[in-house]
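Right, one structure below, let's go through it.
Note that the structure is predicted; figures quoted are calculated from it, not measured. Computed from heavy atoms alone, side chains included, the values below leave out hydrogens, waters and symmetry copies.
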Amino acid sequence: MAGTPYLVDRGVVLRETETKETDKILTLLTWEQGKIGVIARGARRKNCKFAAAAQPLAYAEWTLYQRKDWHYASDASTLDLFDGLRGGDLAALALGCYMAELTEAVCPENVPAPELVRHLLNGLYALSALHKPPALVKPAFELRLLCLTGYEPLADACALCGRADPVDPVLDPVQGVLRCRKCGGGGGRPLCRDSLAALRHIVYGDPRRLYSFRLGEEPLRRLAAAAEAFLYAQLERGFSTLDFYKKLYS
């Protein structure tokens, strides 16, 4: 298209919406443009040159041009399709879709957020290539994403007595603080020594080693319950992809 300025950016497909007979509207999370809407004309045709890149959770290098408020796809080259999520592990795929929906919910439009791109890619890689258990990836992804978007819980000590090693630790999901059970306040999600150590690893540790911890079944259950309660309290909304993921375990 003569005279049309093009831009090239790498991004993950967070969501697709089918429109007309052969087109899609994609929500991309890109390194330089942030979260953007892209019209991918012909993406549903079998012979479309970027059909593979225009599917949920695909990571690709996109060539785009802009008209008014919309970006349009000119071409795309796939970088990673995260095949490990598409090979029959329904739980991993469902969790990947939830991670994408959650990222879309917290990411503003047209604002570069490279830390969110990196976090999502690392989470998808942990599921697809490293085959980390979805039950471990989920709370780690949720908590770290909340930290990156300004909802970091205070987990270094009891918020009331200041004890660094709280007695019967509890995470208050509304206030986003740690406390001893005996310090009162009511409610909260009970943790244990191991689940608290994992929580601190997620919140304060090296993001490159985010999924490097291990937990037994009960500490992991406590961590997952605390992470989900904290997420619900801070974002005040549900997620359809999370509902589907949880049905797999019901």
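- Enclosure of atom CZ in Phe244 is not indicated, since only 12 or fewer non-hydrogen atoms of other residues, nucleotides or ligands lie within 6.0 angstrom.
- Judged by distance alone, with hydrogens and angles left aside, the side-chain atoms of Asp9 form a donor-acceptor pair with the main-chain N or O of Gln33 at under 3.5 Å.
- Scanning all heavy atoms of the two residues, the minimum distance from Tyr98 to Thr241 falls at CA-OG1, 3.2 Å.
- Under the rule for a salt bridge (charged side-chain N to carboxylate O under 4.0 Å, His left out), the partners of Lys138 that lie at least two apart in sequence or sit in another chain are Glu142, Glu228.
- Note on Leu223 and Val203: same hydrophobic cluster, where clusters join Ile, Leu, Val, Met, Phe, Trp and Tyr whose side-chain heavy atoms are under 4.5 Å apart, directly or indirectly.
- The backbone N or O of Arg181 sits nowhere less than 3.5 Å from a side-chain atom of Asp168 that would complete a donor-acceptor pair.
- One N or O on the side chain of Lys35 and one on the backbone of Glu104 form a donor-acceptor pair closer than 3.5 Å.
- Within a 6.0 Å sphere centred on CZ of Arg193, heavy atoms belonging to other residues, nucleotides or ligands number 12 at most.
- The pair Arg237-Glu101 meets the salt-bridge criterion, since a charged nitrogen lies less than 4.0 angstrom from a carboxylate oxygen.
- By the criterion of side-chain heavy atoms lying less than 4.5 angstrom apart, applied directly or through intervening Ile, Leu, Val, Met, Phe, Trp or Tyr residues, Leu127 is grouped together with Leu29 in one hydrophobic cluster.
- Hydrophobic clustering (side-chain heavy atoms under 4.5 Å, transitive across Ile, Leu, Val, Met, Phe, Trp, Tyr) groups Val117 together with Leu85.
- Classification of Glu218 and Arg221 as a salt-bridged pair holds, one side-chain N sitting under 4.0 Å from a carboxylate O.
- We find that Glu18 and Arg44 are joined by a salt bridge, their nearest charged nitrogen and carboxylate oxygen being less than 4.0 Å apart.
- Taking the six-membered ring where the residue is Trp, the centroids of Tyr72 and Tyr65 are separated by under 6.0 Å.
- Heavy-atom contacts from other residues, nucleotides or ligands closer than 6.0 Å to OH of Tyr125 number 12 or fewer.
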